[in-house]
Amino acid sequence: MTDLLQRIADLQAEARTALSRVQTLAELEQFRNVYLARRGKIPTLLRTVKDLPSDERRPVGAAANTLRRGLEAEYLAARARLRARGVRPFDVTVPGRKPVLGHLHPLTIVRRDIEEVFLGMGFEILDGPEVEEPRYNFDLLNVPLEHPARDLMDTFWLTDGRLLRTHTSAAQARVMANRTPPFRILIPGRVFRHEATDATHESTFSQFEGLYVDEGVSLADLKGVLGEALQRIVHQRVDIRFRPSYFPFVEPGVEVDISCLSRRGSHRDCRVCKGTGWVEILGAGMIHPVVLQNVAVDSTRYRGFAFGGSIDRLAMLRYRLTDIRLFWSGDPNFLEQF
Ligand code: PHE
């Protein structure tokens with residue numbers, strides 16, 4: 001009998017040591033399996049009690065039961081302790097985690113602003129295909145076959161003879177060929193040029209094309225509309241000036257400058273206007289009578305103006321950017337600033 005009582009005492013010491021080493025709930029369950037579960041050491045010992053001689057049964061049974069109840073209690077206490085450790089107290093003052101929200105691309109923001117301004121002036125917004133027929137991109141626009149813009153260096157040609165439009169004027173020709181005047185239309189969209197890229201040139205950029213065809217439309221209307229629209233687009237008072245220029249589809253043709261938006265006063269070392277105080281923003285002019293004839297608009301009755309500018313360039317001015325390539329870079333460090 002002393003043998004048995006000694007075994008119980010040893011088992012108790014062993015179990016206590018094992019329990020003191022337990023660090024995790026998984027280890028605690030392991031402990032329970034070894035000592036307290038149905039096939040564990042203690043229940044197994046208890047099952048042998050009934051086979052003992054009657055005078056040993058009571059003291060051995062009592063000692064084994066005490067051990068079992070003691071370990072059971074220590075097991076439950078350890079379990080409660082370990083579970084409580086896993087739960088962090090709820091702190092209502094911890095700031096919430098902000099979900100990352102997407103937003104519009106800077107070119108989209110500027111395009112929508114431009115659309116808004118021209119909508120407000122009675123223009124319709126239209127769309128045209130990016131893959132275009134040479135007839136709309138060049139021929140109807142009075143761009144002759146030998147014009148350098150048609151060169152492989154400037155135009156992305158498709159194997160089927162079509163091309164990626166090099167300007168939104170292609171959509172201008174398309175619209176005029178399918179409409180009867182009067183109309184006031186704005187066509188924003190992507191254009192493509194087969195050129196080396198640098199800080200101010202991209203092979204893909206976006207333009208907005210405007211046209212206004214009606215009886216008695218004059219260059220003065222062009223100046224009035226653009227002067228008003230550009231101020232609204234850049235959100236400040238600007239001066240506007242026309243410089244004579246050449247585009248095959250307009251006559252007269254002009255380049256449109258706005259006064260430099262950069263700091264007031266001297267622009268001597270200004271990077272935006274390069275010291276001139278003016279920034280070129282658009283090509284424009286009165287639609288060439290030949291173009292009107294090409295698209296079957298009666299040029300004796302109707303006249304119109306057209307203008308085309310780069311959305312990328314306006315966005316660069318507005319956000320004071322110096323590298324056009326950032327727009328298509330997909331770089332989150334850039335995009336997250338808007
Ligand atoms: N299409 C010309 C360009 O891409 C711009 C332009 C449009 C000029 C309409 C005159 C009239 O440079």
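Ligands are counted one by one from 1 in listed order, and the atoms in each one are counted from 1 as well.
Remark: D139 engages R150 in a salt bridge, criterion side-chain N to carboxylate O under 4.0 Å.
By the 4.5 Å heavy-atom criterion applied to side chains, V297 and I287 are not counted as neighbours.
Ring pair F334/F338 is perpendicular by interplanar angle, where above 60° counts as perpendicular and below 30° as parallel. F123 and Y212 have perpendicular rings, their planes meeting at more than 60° on a 0 to 90° scale where under 30° would count as parallel.
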Under 3.5 Å, N/O to N/O: give me all the pairs between ligand 1 and the protein, one per line with atom names and distance.
from, atom 1, to, atom 2, distance (Å)
ligand 1, 1 (N), H167, ND1, 3.0
ligand 1, 1 (N), S169, OG, 2.9
ligand 1, 4 (O), R193, NH2, 3.1
ligand 1, 4 (O), Q207, NE2, 3.0

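Evaluation of the ring pair (Phe, Tyr, Trp, His ring centres under 6.0 Å) rule for F307 yields F118 as partners, not counting sequence neighbours.
Under a 3.5 Å cut-off, the side chain of Q337 and the backbone N or O of N333 do form a donor-acceptor pair.
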